[in-house]
Amino acid sequence: EVQVVQSGAEVKKPGSTVKISCKVSGHMFSDNLMHWVQQAPGKGLEWMGLVDLENGKTKYREKFQGRVTIIADTSTDTTYMELSSLRAEDTAVYYCAEEQMLRGPFDYWGQGTLVTVSS
Amino acid sequence: DIQLTQSPSFLSASVGDRVTITCRASQGIATSLAWYQQKPGRAPKLLIYEASSLQSGVPSWFSGSGSGTDFTLTISSLQPEDFGTYYCQQFNAYPRTFGQGTKLEIK
């Protein structure tokens, strides 16, 4: 059974950086893409970016370019998303979601990580 | 960016009803569309991919159709557990985009 487990909730000060982890188990880590999705309180889903688990290449939404870094550690089947220069509007639940075999849809999702940005 | 517009934004229906949610893309995306269900406090769950393919384990009363710019998610006979918010998503181009969501309430 595939499991995707994210790290726990975080409370951060404005201007700081948060790093969230996402560990996959139950299948081959490579040949897939890991995406990150932001969901602000009471709002919809917004795609932030992805990492290719085969070669480490990344692609980011323009809105987050320069503030977000997504990396994959194939030795531990773990992906990390780092968001810097945090502001109040970054308060949200962040999901990692795996796209298998470049099919397109997001097959498996983590449980979500709540990041609260507050002074 | 490809914009996805869902309608309606809110829907209240009774058990046994046939429910239809539509998703319109701002440009043609062939059949590169997925549907997700999200319940409060939970991660989204994939229901339909490639516009009309049912994800493994998803009940058969869910179905999807459409291509190009117009898509539909249909629940043929609404069940109590089908409450939640439904999102369409396109994977034809980057950035991947989602519709704004349709909140489904069971009367």
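Just so it is clear, the values below take in all heavy atoms, side chains as well, and ignore hydrogens, waters and symmetry mates. Convention: sequence-line order gives letters A, B, ...; per-chain numbering from 1.
- Panel note: side chain B:R96, backbone A:G104; a donor-acceptor pair is recorded below 3.5 Å.
- Ring-plane geometry between B:Y36 and A:W109 is classed as perpendicular, the angle between the planes exceeding 60 degrees on a 0 to 90 degree scale with a lower cut at 30.
- In the hydrophobic clustering of this structure, A:Y94 groups with A:V51; members are Ile, Leu, Val, Met, Phe, Trp, Tyr whose side-chain heavy atoms approach within less than 4.5 Å, directly or through other members.
- Neither the backbone nor the side chain of B:Q90 comes within less than 4.5 Å of any heavy atom in chain A.
- Ranked by heavy-atom pairs under 4.5 Å with chain B, the list A:Q111, A:H35, A:K63 is led by A:H35.
- Put simply, B:L73 and B:L11 are part of the same group of oily side chains (I, L, V, M, F, W, Y) that touch within less than 4.5 Å, one to the next.
- Looking at B:A34, the atoms closer than 4.5 Å to chain A (heavy atoms on both sides) all sit in the side chain, from C-beta outward.
- Cluster membership check: A:L114 shares its hydrophobic cluster with A:L45, using side-chain heavy-atom separations under 4.5 Å among Ile, Leu, Val, Met, Phe, Trp and Tyr.
- For a residue to count as touching a neighbouring chain, one of its non-hydrogen atoms must lie under 4.5 Å from one of that chain's; by this rule A:Q39 touches chain B with the side chain only.
- Using a 4.5 Å cut-off between heavy atoms, B:D1 touches chain A through its side chain atoms alone.
- Using a 4.5 Å cut-off between heavy atoms, B:T97 contacts chain A through its side chain alone, with no backbone atom that close.
- Looking only at heavy-atom pairs under 4.5 Å with chain A, the residue among B:Q89, B:E50, B:Q100 that has the most is B:Q89.
- Minimum interatomic distance between B:Q38 and A:Y95 (heavy atoms only, all atoms of both residues): NE2-OH, 3.3 Å.
- Under a hydrophobic clustering in which Ile, Leu, Val, Met, Phe, Trp and Tyr are joined whenever their side-chain heavy atoms come within less than 4.5 Å, directly or via other members, B:L78 and B:I48 fall into the same cluster.
- Ranked by heavy-atom pairs shorter than 4.5 Å toward chain A, the options B:P95, B:G101, B:P44 are led by B:P44.
- Closest heavy-atom contact between A:R103 and B:F91: O-CE1, 3.6 Å.
- Contacts between A:F106 and chain B at a heavy-atom distance below 4.5 Å involve backbone atoms as well as side-chain atoms.
- Under the 4.5 Å side-chain contact rule for hydrophobic residues, A:L33 and A:Y80 do not share a cluster.
- Other residues, nucleotides and ligands place no more than 12 heavy atoms under 6.0 Å from the CZ atom of B:R24.
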